[in-house]
Amino acid sequence: MENYAVVDTLLRAAQSNDLRAERELFTNLRARLFNLAKCILLRNYHVLDSETREADAEDIAQNALITIQQKYKTQTFDNGFFSWVNRILRNTIGNYMRAKLRRDQTFAALNPFESPPENDSQWIEEIDSRDLLKKILIYIQRFSEVCKKILLIFAKEGTREDVILEFSGTPVVTIDSRISRCRQKLKEYLQRQGILL
């Protein structure tokens with residue numbers, strides 16, 4: 001996509017409401033944003049786990065694309081299209097990583113040990129459930145920030161509508177897909193722990 005003449009032609013056509021040009025421009029742009037986000041996450045934020053880095057980069061690229069698509073038709077790109085796109089990507093990554101830090105702090109603050117048990121059998125059940133909860137909390141740290149946020153909403157007895165509100169501006173189809181993907185990952189983990197759902 002680095003052929004600037006082709007990009008400029010696609011951009012001008014897309015700004016003139018050519019849907020084919022817009023689709024081609026954003027398909028190519030998505031791959032560029034994804035790869036740049038992966039590199040920045042590794043280099044600047046030291047996200048070493050490749051699965052986490054890819055999931056985070058996917059979410060960041062999607063968020064950046066939404067912002068770009070909402071604003072590009074009214075821009076003049078005085079400093080160039082890619083300069084503008086890179087600024088949006090940097091801002092998106094910064095916002096995403098700040099939100100990730102806040103969510104990590106929220107997870108760290110969760111304390112599954114709240115009240116003492118009333119009898120021995122309850123004690124055994126609570127130890128088992130607390131142990132499982134700790135394992136789950138540790139395991140989901142590997143998930144993307146979006147998955148962590150979704151699972152945290154459901155852990156607080158939230159609903160699908162609460163998730164949709166949290167990600168307002170994101171298409172509902174995308175949100176449903178993310179919910180399904182996160183639930184499936186958690187279900188697979190629980191099944192590996194011997195818990196059948």
Side-chain angles (χ1 to χ4, degrees), residues 1-104 141-151 153 160 163-185:
M1 182 166 169
E2 297 300 331
N3 184 337
Y4 295 110
V6 172
V7 171
D8 191 54
T9 303
L10 286 174
L11 178 61
R12 300 298 164 216
Q15 285 181 315
S16 300
N17 296 323
D18 181 339
L19 295 179
R20 183 202 57 76
E22 183 179 59
R23 191 175 310 113
E24 186 176 343
L25 176 68
F26 279 92
T27 299
N28 293 331
L29 193 56
R30 186 200 166 285
R32 174 190 171 94
L33 291 172
F34 175 73
N35 289 327
L36 277 172
K38 276 196 320 186
C39 291
I40 291 170
L41 287 171
L42 179 61
R43 188 183 68 228
N44 295 1
Y45 294 95
H46 311 291
V47 179
L48 300 177
D49 180 62
S50 63
E51 186 177 316
T52 301
R53 189 170 58 247
E54 292 217 357
D56 286 350
E58 180 74 35
D59 292 337
I60 289 166
Q62 174 110 6
N63 292 339
L65 274 176
I66 289 169
T67 302
I68 292 165
Q69 191 161 26
Q70 290 170 344
K71 297 180 178 183
Y72 86 99
K73 287 190 178 182
T74 59
Q75 299 297 315
T76 57
F77 309 112
D78 295 330
N79 294 325
F81 176 66
F82 285 122
S83 176
W84 180 76
V85 165
N86 289 341
R87 275 196 312 275
I88 288 176
L89 180 62
R90 280 194 308 271
N91 290 338
T92 303
I93 291 172
N95 293 339
Y96 187 87
M97 295 308 286
R98 280 188 293 280
K100 179 178 183 171
L101 178 62
R102 284 192 301 272
R103 277 190 297 280
D104 287 347
Q141 292 301 314
R142 301 176 187 174
F143 288 12
S144 71
E145 290 310 303
V146 171
C147 275
K148 285 183 197 177
K149 188 182 270 191
I150 288 170
L151 292 173
I153 289 170
R160 175 180 172 266
V163 175
I164 291 170
L165 281 174
E166 179 68 31
F167 294 99
S168 61
T170 303
V172 175
V173 173
T174 303
I175 293 170
D176 285 338
S177 172
R178 289 175 176 176
I179 290 171
S180 175
R181 194 173 6 146
C182 295
R183 284 181 170 167
Q184 184 60 36
K185 286 175 77 172

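The model shown is predicted, which means the values in this text are computed figures rather than measured ones.
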Worksheet item: Is the backbone of Ala5 close enough, under 3.5 Å, to the side chain of Thr9 for a donor and an acceptor to pair up by distance?
Response: yes
Item to complete: Would you indicate whether Lys71, at its atom NZ, is surrounded by more than 12 heavy atoms from other residues, nucleotides or ligands within a distance under 6.0 Å?
Response: no
Discussion item. Side chains of Asn17 and Lys73, heavy atoms from C-beta outward: is any pair under 4.5 Å?
Written reply: yes
Worksheet, complete the sentence: Heavy-atom nearest pair, Leu25 first then Ala14, reads CD2-CB, 4.3 Å
Practice prompt. Rounded to the nearest 0.5 Å, what's the gap from NZ on Lys148 to CG on Asp56? Could you check?
Written response: 7.5 Å
Discussion item. Would you compute the distance between atom CZ of Arg87 and atom OG1 of Thr92 and round it to the nearest 0.5 angstrom?
Written reply: 12.0 Å
Worksheet item: CD of Glu22 to OH of Tyr72: how many Å apart, nearest 0.5 Å?
Response: 3.5 Å
Worksheet item: Does the side chain of Ile60 come within less than 4.5 Å of Leu41's, by heavy atoms?
Response: yes
Worksheet item: Just wondering, do Asp78 and Trp84 contact through their side chains at under 4.5 Å, heavy atoms?
Response: no
Practice prompt. Determine yes or no for a side-chain-to-main-chain donor-acceptor pair under 3.5 angstrom, with Gln15 supplying the side chain and Gln75 the backbone.
Written response: yes
Practice prompt. Compare all side-chain heavy atoms of Leu33 with those of Ile88 and state whether any distance is below 4.5 angstrom.
Written response: no
Worksheet entry | Evaluation steps, side-chain contact (heavy atoms from CB on, under 4.5 Å), between Leu29 and Phe81 | CA-CA 11 Å; Leu29 193 56; Phe81 176 66; 4.0 Å; yes
Discussion item. I'd like to know if Glu58 and Lys38 make a salt bridge, using a cut-off of under 4.0 Å between side-chain N and carboxylate O.
Written reply: no
Worksheet item: Quick one: does Phe34's side chain get under 4.5 Å of Gln62's, heavy atoms only?
Response: no
Discussion item. Can you see whether Gln184 engages Arg181 through a side-chain donor-acceptor pair at a distance of less than 3.5 angstrom?
Written reply: no
Fill in: Stepwise side-chain hydrogen bond (donor to acceptor under 3.5 Å, both in side chains) check, Arg178 with Thr174
CA-CA 6 Å; Arg178 289 175 176 176; Thr174 303; over 6 Å; no
Worksheet item: Roughly how far, to the nearest 0.5 Å, is the SG atom of Cys39 from the CG atom of Asn35?
Response: 6.5 Å
Worksheet, complete the sentence: Value for CD1 (Ile93) from CG (Leu89), rounded to nearest 0.5 Å, stands at 4.0 Å
Practice prompt. Determine whether Ile150 and Phe143 make a side-chain contact, defined as any pair of heavy atoms from C-beta on separated by less than 4.5 Å.
Written response: no
Worksheet item: Between CG of Leu10 and CZ of Arg23, what distance do you get to the nearest 0.5 Å?
Response: 12.0 Å
Worksheet entry | Non-neighbouring partners of Arg20 that pass side-chain hydrogen bond (donor to acceptor under 3.5 Å, both in side chains), sequence neighbours left out | Glu24
Practice prompt. Could you walk me through whether Asp59 and Tyr96 pass the side-chain hydrogen bond (donor to acceptor under 3.5 Å, both in side chains) test, one step at a time?
Written response: CA-CA 9 Å; Asp59 292 337; Tyr96 187 87; 3.3 Å; yes
Worksheet item: Is it the case that more than 12 heavy atoms not belonging to Glu51 sit under 6.0 Å from its CD atom?
Response: no
Item to complete: Assess whether side-chain contact (heavy atoms from CB on, under 4.5 Å) is satisfied between Arg32 and Asn86, documenting all intermediate values.
Response: CA-CA 10 Å; Arg32 174 190 171 94; Asn86 289 341; 3.7 Å; yes
Discussion item. With no hydrogens and no angle check, just 3.5 Å: does a side-chain donor-acceptor pair link Ser16 and Asp18?
Written reply: no
